[in-house]
Amino acid sequence: MSKILALVLTVTALWAAVALAQTGQAPSNPAKLTTLGKYCTAMEAYLMWRAKPKEVTILDVRTPEEYSFVGHAEMALNIPVSLFNAKFNAETKRYGMDDNPDFTSQVSMRLGKNDTILVMCRNGERTAPAVNKLAQAGFTNVYSVVDSFEGDAVTDPESVYNGKRMKNGWKNYGLPWTYSLNPDLVWSK
């Protein structure tokens with residue numbers, strides 16, 4: 001009897017997460033807003049994929065360097081929305097990125113316009129431009145994973161984790177991720 005109850009509770013939780021993800025709230029950060037208005041958290045993305053792994057694609061739009069060296073969701077297809085250019089900007093204290101001019105065509109070669117696509121980056125800020133580019137190219141069922149792979153930074157000066165991406169996100173939820181590269185999922189020009 002307890003196994004049946006556990007199964008019912010698990011299935012109910014999965015469907016509740018999928019339903020919530022279907023109507024996910026818009027993020028408060030304007031940089032994470034998309035034209036399609038479809039949002040989910042990393043946990044919801046995982047549950048959506050787990051419920052329908054053949055129908056839901058997790059698309060990681062980070063650079064190949066990030067995907068490879070920081071790690072990635074085990075099932076995530078990597079097609080970068082921007083590419084590392086190695087030009088250091090002293091003002092922003094960051095290295096630069098250039099748009100991947102072939103992003104939408106590369107996604108179109110792998111996925112259909114009506115496929116369910118869950119877009120993930122580092123913290124959710126690159127997902128919005130990626131989702132918007134896909135929407136402009138005619139994709140209709142694309143979600144922004146608002147906390148993405150590494151999540152949001154802790155903003156508590158008293159915390160040892162202040163400034164670190166430890167708040168939420170795929171990695172911090174303990175969802176399946178890896179450094180291993182699957183030739184069927186990695187990006188190549």
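Positions are given from 1 along the sequence. What you are looking at is a predicted structure, and each value in this text was computed from that prediction instead of being measured.
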Heavy-atom check, side chain of [X] versus side chain of [Y], under 4.5 Å:
{"X": "Phe69", "Y": "Tyr67", "value": "no"}
{"X": "Asn172", "Y": "Lys167", "value": "no"}
{"X": "Glu66", "Y": "Glu150", "value": "no"}
{"X": "Val70", "Y": "Arg122", "value": "no"}

Is there a side chain to side chain contact (heavy atoms under 4.5 Å, CB included) between Cys40 and Val145? Walk through the geometry before answering.
CA-CA 5 Å; Cys40 63; Val145 181; 4.0 Å; yes
Ignoring hydrogens and geometry, is there a side-chain-to-backbone donor-acceptor pair from [X] to [Y] under 3.5 Å?
{"X": "Asp99", "Y": "Pro101", "result": "no"}
{"X": "Tyr46", "Y": "Pro176", "result": "no"}
{"X": "Asn182", "Y": "Met75", "result": "no"}
{"X": "His72", "Y": "Ser180", "result": "yes"}
{"X": "Lys171", "Y": "Arg165", "result": "no"}
{"X": "Asn78", "Y": "Arg62", "result": "yes"}
{"X": "Trp187", "Y": "Leu77", "result": "no"}
{"X": "Ser148", "Y": "Cys121", "result": "yes"}
{"X": "Lys87", "Y": "Gly96", "result": "no"}

In Å, rounded to the nearest 0.5 Å, how long is the span from [atom1] of [X] to [atom2] of [Y]?
{"X": "Thr34", "Y": "Lys133", "atom1": "OG1", "atom2": "NZ", "result": "14.5 Å"}
{"X": "Leu181", "Y": "Asp184", "atom1": "CG", "atom2": "CG", "result": "12.0 Å"}
{"X": "Gln106", "Y": "Leu111", "atom1": "CD", "atom2": "CG", "result": "12.0 Å"}
{"X": "Asp60", "Y": "Met120", "atom1": "CG", "atom2": "CE", "result": "6.5 Å"}
{"X": "Tyr161", "Y": "Thr155", "atom1": "OH", "atom2": "OG1", "result": "15.5 Å"}
{"X": "Glu55", "Y": "Thr57", "atom1": "CD", "atom2": "OG1", "result": "10.0 Å"}

Joint cluster assignment, [X] & [Y], ILVMFWY side-chain distance < 4.5 Å:
{"X": "Trp49", "Y": "Val142", "answer": "no"}
{"X": "Val107", "Y": "Val119", "answer": "yes"}
{"X": "Val61", "Y": "Trp177", "answer": "no"}
{"X": "Phe149", "Y": "Val186", "answer": "no"}
{"X": "Tyr179", "Y": "Trp170", "answer": "yes"}

Run the numbers on Phe139 and Leu36 for side chain to side chain contact (heavy atoms under 4.5 Å, CB included), then give the verdict.
CA-CA 9 Å; Phe139 287 83; Leu36 291 176; 5.8 Å; no
Heavy-atom closest pair, residues [X] and [Y]:
{"X": "Gly169", "Y": "Ala42", "answer": "C-CB, 3.8 Å"}
{"X": "Gly151", "Y": "Asn123", "answer": "O-CB, 3.3 Å"}
{"X": "Asn85", "Y": "Met97", "answer": "ND2-N, 3.7 Å"}
{"X": "Ala51", "Y": "Pro53", "answer": "C-CD, 3.7 Å"}
{"X": "Ser144", "Y": "Thr127", "answer": "OG-OG1, 2.6 Å"}
{"X": "Tyr39", "Y": "Leu33", "answer": "OH-CA, 3.5 Å"}

Out of the candidates Val131, Leu118, Val81, Leu134, only one should pair with Leu59 under the side-chain contact (heavy atoms from CB on, under 4.5 Å) rule; please name it.
Leu134
Yes or no on side chain to side chain contact (heavy atoms under 4.5 Å, CB included) for Lys164 and Val154, after CA distance, side-chain angles and deciding distance?
CA-CA 6 Å; Lys164 309 276 190 290; Val154 172; 5.6 Å; no
Decide yes or no on side chain to side chain contact (heavy atoms under 4.5 Å, CB included) for Asn141 and Tyr143, but give the supporting numbers first.
CA-CA 7 Å; Asn141 201 22; Tyr143 291 77; 3.5 Å; yes
